[in-house]
Each structure stands twice: as C-alpha cells, then as structure tokens.
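FYI, side chains are in, hydrogens and waters are out, and symmetry mates aren't considered; it's all heavy atoms of this structure. All residue numbers in this chain count up from 1 along the given sequence.
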Amino acid sequence: FTAGFATSSITVSAGNGCGVSPVRVRNVTLNMPGTPGAMTGPSTGVCGQLVTYAVPAVAGMTYSWTLPSGATIIGAANTNSVNVQFSSSFGTGTIAVTATNLCGTSAQRGKTVRGTTAQPAAITGLTSVCTGQTSVTYSISAVAGATTYLWTVPTGCTITAGQGTTSINVTMS
C-alpha cells in the first residue's frame, strides 16, 4: 500500500492433486487521511482578536491544530473548527492542522497569520492641487481587521475631517 486512498486486492485459491480452484478476490482500501482542505479565517489583523479557523469536515477524522506563540485555542481542539485567541502583542506565525483516523495522520495544512493589518490599497484623490484649495478628499478601501487609520499630510496642509477613517478632507496651504 502507498499513502492516500489506495485499493489493493487480497486473493486466495484452493488446490489439491487435481489442480487449483478459481481465485477468490477481496478488494481492500487503505483509507489514509488526505491533507485537510482550504483553511478559512483571517490572515491579517488578528492581534488581540478571538478568531475562528476551519477546514472542511471529513467524517471519521479527528483534527490536531498547531498554533504559533501568542495564540491559544479556546474550547474544543480536535474538531475541524477552532476558536483562537491572539495576544495583544502577537506578531507573525503559522496555524496548522492535520487530520487523523485509524490509518494514520495526514500532511499539514497551514496558514500564515499576522497580527497587523494588510497594507492599505492605493489612495484615491487629486494628484494636482492649488494652494488654498479646501475640502480635497483622499480615501482608501477599508482594510480587513483595521479599527483606525492614521493619515499624514504635507507640512502646512491640514486634515479638516476624517482622521482615523478611510476618507479625509484636506485644506491645502
């Protein structure tokens, strides 16, 4: 047998001085667990958060999760879904899961996670402005896991609205 779902045959025949009987066959399947499917759950912005990670459930399997330093499983740990509490100082690491049945343990499925959020997408807004121009709007798309946004503007310009959000208004001076 080889790893994975493999079918092989066991055969037997009976014999005496007159010859050998036809062969009787019994097919046997080795039910080694495959690598768990795609993992759901966020990959960025998990610092200080309680987050759920899951892989598709397969009947007859138990699951074993491995977490990076600064992450703890809250509740059941041998199912296809776990709740993970990240520390407020969590940096970066990999969450991994294996599936196990009576035949063995699968290869790991892993996901890299970061405590910080992803980099914001491109800033939209005017690229050419005039001195004294007011209410010039700049914005970005929301970033998954972000709770605030820190904008900076050139010296002499003023943010008149929106600091901490995805959109600001600026007075150019």
Between the side chains of T105 and T100, is a donor N or O closer than 3.5 angstrom to an acceptor N or O?
yes
Mind running side-chain contact (heavy atoms from CB on, under 4.5 Å) on V153 and Y138 for me, showing each step along the way?
CA-CA 10 Å; V153 293; Y138 294 93; over 6 Å; no
Return the CG to CE distance between N78 and M61, rounded to the nearest 0.5 Å.
13.5 Å
Any chain of hydrophobic side-chain contacts (each under 4.5 Å) joining I74 to I95?
no
How far apart are the closest heavy atoms of S9 and N27, and which atoms are they?
OG-OD1, 2.8 Å
Nearest 0.5 Å, please: how far is OG1 in T152 from CD1 in I159?
7.0 Å
Hydrophobic cluster membership, with links at side-chain heavy-atom distances under 4.5 Å among I/L/V/M/F/W/Y: are V46 and V143 in one?
no
Give the cluster check for I123 versus V170: same hydrophobic cluster or not, with ILVMFWY residues linked at side-chain heavy-atom distances below 4.5 Å.
yes
Single hit among T158, T137, T160, T134 for side chain to side chain donor-acceptor pair (under 3.5 Å) with N169:
T137
Is there a donor-acceptor contact under 3.5 Å from the side chain of W151 to the main chain of T166?
no
Heavy-atom pair of closest approach, residues P22 and S13:
O-CB, 4.0 Å
Please evaluate residues I168 and Y149 with respect to the criterion side-chain contact (heavy atoms from CB on, under 4.5 Å), reporting the C-alpha separation (whole Å), side-chain torsions for both, the decisive distance (0.1 Å), and the verdict.
CA-CA 10 Å; I168 59 170; Y149 301 87; over 6 Å; no
Could you pull out the closest heavy-atom pair between G110 and T94, with the gap in Å?
CA-CG2, 4.2 Å
Could you walk me through whether Y63 and V58 satisfy the side-chain contact (heavy atoms from CB on, under 4.5 Å) test, starting with their C-alpha distance in whole Å, then the side-chain angles of each, then the deciding distance to 0.1 Å, before giving a yes or no?
CA-CA 10 Å; Y63 297 86; V58 176; 3.7 Å; yes
Give, for atom CD1 of I140 and atom OG1 of T165, the distance between the pair rounded to the nearest 0.5 Å.
8.5 Å
What distance do M172 atom CE and T131 atom OG1 have between them, rounded to the nearest 0.5 Å?
9.5 Å
Report yes or no: does S106 contribute a side-chain atom to a donor-acceptor pair with the main-chain N or O of A99 at less than 3.5 Å?
yes
Any side-chain donor-acceptor pair under 3.5 Å between T124 and S139?
yes
Donor-acceptor check, side chain of R109 to backbone of G37, threshold 3.5 angstrom: yes or no?
yes
Counting only N and O atoms by type, is there a donor-acceptor contact under 3.5 Å from the side chain of Q85 to the main-chain atoms of Q49?
yes
A side-chain contact here means heavy atoms from C-beta on lying under 4.5 Å apart; do L67 and V84 qualify?
yes
Quick one: are S81 and T52 in side-chain contact, heavy atoms under 4.5 Å?
yes
Shortest non-hydrogen contact between V113 and F86, atoms and distance
CG2-CE2, 4.1 Å
Nearest heavy atoms of S89 and C47, plus distance in Å:
N-SG, 4.3 Å
Given V97 and Y53, is the side-chain contact (heavy atoms from CB on, under 4.5 Å) satisfied, shown in steps?
CA-CA 10 Å; V97 62; Y53 291 92; over 6 Å; no
Just verifying a value: how many Å separate K111 NZ and S43 OG, rounded to the nearest 0.5 Å?
5.5 Å
Nearest heavy atoms of N101 and P33, plus distance in Å:
OD1-CD, 3.4 Å
